[in-house]
Number of protein chains: 2
Amino acid sequence: MTDKQSKGIRMFDPAFDYGQLPSLTGFLFRKASLRTFAIFGDAVGDRAITPLRYSLLEVVGANPGLQQVQLAGILGLSKPAATLAIDFWQTRDCLSRRPDARDRRSRGIYLTEAGQARLDDLRIIIARQDAQLTEMLSEDELALLKSLMQRVIEGPVL
Amino acid sequence: MTDKQSKGIRMFDPAFDYGQLPSLTGFLFRKASLRTFAIFGDAVGDRAITPLRYSLLEVVGANPGLQQVQLAGILGLSKPAATLAIDFWQTRDCLSRRPDARDRRSRGIYLTEAGQARLDDLRIIIARQDAQLTEMLSEDELALLKSLMQRVIEGPVL
DNA sequence: GAAATTTAGTTATCGTCAATAACCATTTAT
DNA sequence: ATAAATGGTTATTGACGATAACTAAATTTC
């Protein structure tokens, strides 16, 4: 065992036959996503900071004052999940809930100063990590990949 | 609520700013993977049949007689997880554990007749579903996407 | 304008799942 | 022969996410 991090996952072992799996686009997406996740953890250092939690911070940073329900909608979370995710950052002094003057039920979510600093850090770390993920592609190829992925993602809901 | 299935997930809501998220390849992978997963469930009909469990069946079909440890290695599972996954199919009469003559500790995993039939079905359903996933791409674009994805997945472990 | 309904948010409870640890049986190494 | 390693199962635990139930505040309806 030489590799402590990332489980040292070998994506395909040439000794075995994977049937039709490698020809399925969805399978490739899943593998790519797993790989992303593994590397993400290494890059960020803190295992508690998952892609989802980072996404939350990013979205709050870009849209200060959103309601929790709105955040849940954007991130595809249930209400309780949103509550927990916000709790996570609030206990770390990165997010604050501020009362909304117009509607005293709802609470606007904002970055604290520490949160802004943390986000600035994370953005850099993660952008760099993301570049490593695709370092084997030329710039043109990467742009192409992204635009193809975009179209697949935005595709019809079926 | 018109859409019962697939949660009707809207991938991006143009009303909000997603920060740098949409420019991260890893984020696109994750979204694509989520989309794959959602559609997979709809296509197969049985929610219990996850991509992972299908992968297991596919790999056993392509490599009859593998040990459980080998399967775990190929699929990136822990030993207990492999045990459970095999149990899943065995209780459905699709896989069988056969004693290994040379090593009485280990057990070879094989498709049953029912398992072969089930796999044949699933292969077709899933191949069709996978095609739908990328129906907005031309044949050339799809081939390109796949080859780019392959290279990313096979990339260095970092 | 009071009662009923809806909505934002939290808390409680549950089920799933995967990982670790502990365990048995068998094989390999010393 | 004994010790160490390996294949497999079972038991236990912890992380999550989902639903349900609840509070508080807003909106609707008559």
Kindly indicate whether the side chain of B:F29, heavy atoms from C-beta on, has any atom under 4.5 Å from the side chain of A:K31.
no
Upstream residue (5' side of DNA chain D) when A:T50 and A:R104 are each assigned their closest nucleotide:
A:T50
B:R53/B:D46 salt bridge by N-O under 4.0 Å criterion
no
If I take atom CG in residue A:L52 and atom P in nucleotide D:dA15, what distance separates them, rounded to the nearest angstrom?
16 Å
B:V69 side-chain proximity, nearest of C:dA19, D:dG7, C:dA8:
D:dG7
Quick one: B:L34 CG to D:dC16 P, roughly how many Å, whole number?
16 Å
Quickly work out the A:D100 CG to C:dT7 C1' distance and round it to whole Å.
13 Å
What is the distance from CG of A:L75 to C1' of D:dC16, rounded to the nearest Å?
16 Å
Does any residue of residues 83-97 of chain A have a heavy atom under 4.0 Å from DNA chain D, and if so, which ones, in number order?
none
May I have the distance from B:R98 (atom CZ) to D:dG7 (atom C1'), rounded to whole angstrom?
18 Å
Distance-only, no hydrogens or angles: does the B:R92 side chain make a donor-acceptor pair with backbone N or O of B:F88 under 3.5 Å?
yes
Which nucleotide in the set D:dA26, D:dG8, D:dA18 lies at the smallest distance from any side-chain heavy atom of A:D103?
D:dA26
B:L77 CG to D:dG7 C1': how many Å, rounded?
15 Å
May I ask you to evaluate whether B:Q68 reaches the phosphate of D:dT9, defined as a side-chain N or O under 4.0 Å from OP1 or OP2?
yes
No-hydrogen, no-angle side-chain donor-acceptor test under 3.5 Å, B:R97 and B:Q90:
yes
To the nearest Å, how far apart are A:L56 CG and D:dG17 C1'?
16 Å
Just by distance, do the side chain of B:R107 and the backbone of B:G65 share a donor-acceptor pair under 3.5 Å?
no
Out of D:dG8, D:dA11, C:dT10, whichever nucleotide has its closest atom nearest the side chain of A:K79
C:dT10
Could you check which of C:dA8, C:dC17, C:dT27 has an atom nearest any side-chain atom of A:Q67?
C:dA8
When the distance from CZ of B:R47 to P of C:dT16 is rounded to whole Å, what number comes out?
15 Å
May I ask you to verify if any side-chain N or O of B:R107 is less than 4.0 angstrom from the OP1 or OP2 atom of D:dT9?
yes
Answer with yes or no whether the side chains of A:D130 and B:T25 bring together a donor and an acceptor at under 3.5 Å.
yes
Establish whether the base of C:dT27 is bridged to the side chain of B:R105 by a donor-acceptor pair shorter than 3.5 Å.
no
Starting at CG of B:L111, measure out to SG of B:C94 and round the result to the nearest 0.5 Å.
8.0 Å
